[in-house]
Amino acid sequence: MTYERRVAESLPRVRDRIAAALARTGRTDDVIILPVTKGHPAAAVRAVAAAGLGRAGENRVQELESKRSELGGLVEWHLIGHLQRNKARRALALSDVIHSLDSVRLADELAREAERAGTTLRVYVQVNVSGEATKGGFEPEEAPAEVARIAGLPGLAVEGLMTMAPFTDDLAVQRKTFAAARSLLEQCAAAAPEIGRGLSMGMSNDYEVAVEEGSTIVRLGTVLLGERST
Ligand SMILES: *Cc1c(COP(=O)(O)O)cnc(C)c1O
């Protein structure tokens with residue numbers, strides 16, 4: 001099936017579910033859909049662009065680089081995967097937004113590179129509210145102070161927080177994680193009022209709960225585009 005067909009079939013259903021989740025909690029604002037195109041060819045990005053989604057998320061610099069060299073500025077490019085500091089300069093050149101700002105040293109490096117390039121990089125600070133050792137991001141206890149420091153770095157514009165729930169079908173666990181991220185955002189905003197109020201949370205298996213708990217941007221791969229080949 002072509003990617004156009006896949007998106008034509010999946011997108012209305014995803015939009016309905018997001019609308020229903022918003023309605024359940026009385027939210028009247030909108031949620032951004034970030035199509036996650038990692039593991040799919042450039043045709044997937046063309047399809048989401050043709051559907052008017054305007055963004056694509058990639059988790060590896062290499063893959064982002066190859067798609068971007070083919071497609072240029074067709075979409076706004078979001079880097080959502082862990083970034084090594086030695087790739088900061090490349091990532092900055094390739095990304096419009098980085099969701100996986102997960103350490104102070106990476107923040108310093110990206111800020112330095114952004115300043116050198118004369119640009120401002122939009123970032124989400126990744127927080128580990130589920131407490132899983134395998135997940136990256138700042139610990140909740142340290143997040144408000146670190147976010148305030150990061151927000152003060154020239155070259156970076158903090159749009160909000162990003163988090164991932166444990167991989168589980170347990171709705172209560174998902175909900176607890178997302179609610180914790182939302183409350184952490186409030187603490188961070190109290191420490192650094194200039195930051196954005198964005199919450200990057202929710203993937204294919206948990207985006208409805210994430211929206212109920214305040215997500216402003218959901219990162220959707222499988223549910224929009226089907227299984228990945230890589
Ligand atoms: C792959 C990935 C997604 C999308 O995953 P799906 O389950 O396919 O929707 C979202 N966020 C991050 C950080 C990812 O690496």
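All ligand and atom numbering here is 1-based and tracks the order in the structure. In this text the structure is predicted, and so the values were computed from the model without any measurement.
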Problem - Pair listing, salt bridge (Lys or Arg N to Asp or Glu O under 4.0 Å) test, anchored in residues 122-139, at least two apart - result: E76-R122, R122-E159, E132-K135
Practice task
Treat each ILVMFWY residue as a node, draw an edge where side-chain heavy atoms are under 4.5 Å apart, and state whether M162 and V104 are in one component.
Solution key: no
Polar pairs, ligand 1 vs protein, N/O only, below 3.5 Å.
unit_1: ligand 1; atom_1: 8 (O); unit_2: T222; atom_2: N; d: 2.8
unit_1: ligand 1; atom_1: 8 (O); unit_2: T222; atom_2: OG1; d: 2.5
unit_1: ligand 1; atom_1: 8 (O); unit_2: R228; atom_2: NH1; d: 2.8
unit_1: ligand 1; atom_1: 8 (O); unit_2: R228; atom_2: NH2; d: 3.3
unit_1: ligand 1; atom_1: 9 (O); unit_2: S204; atom_2: N; d: 3.0
unit_1: ligand 1; atom_1: 9 (O); unit_2: S204; atom_2: OG; d: 2.5
unit_1: ligand 1; atom_1: 9 (O); unit_2: G221; atom_2: N; d: 2.8
unit_1: ligand 1; atom_1: 11 (N); unit_2: R219; atom_2: NE; d: 2.9
unit_1: ligand 1; atom_1: 15 (O); unit_2: K38; atom_2: NZ; d: 2.6

Problem - Test item: I195 and C188 side chains (from C-beta on) under 4.5 Å apart, heavy atoms - result: yes
Practice task
Go through the structure and list residues passing side-chain hydrogen bond (donor to acceptor under 3.5 Å, both in side chains) with R24, not counting sequence neighbours.
Solution key: E212
Problem - Under-4.0 Å salt bridge between E109 and R105 - result: no
Distance-only check: which donor-acceptor pairs under 3.5 Å involve side-chain atoms of residues 176-185, not counting sequence neighbours?
unit_1: T177; atom_1: OG1; unit_2: V173; atom_2: O; d: 2.9
unit_1: R182; atom_1: NH2; unit_2: E213; atom_2: OE1; d: 3.4

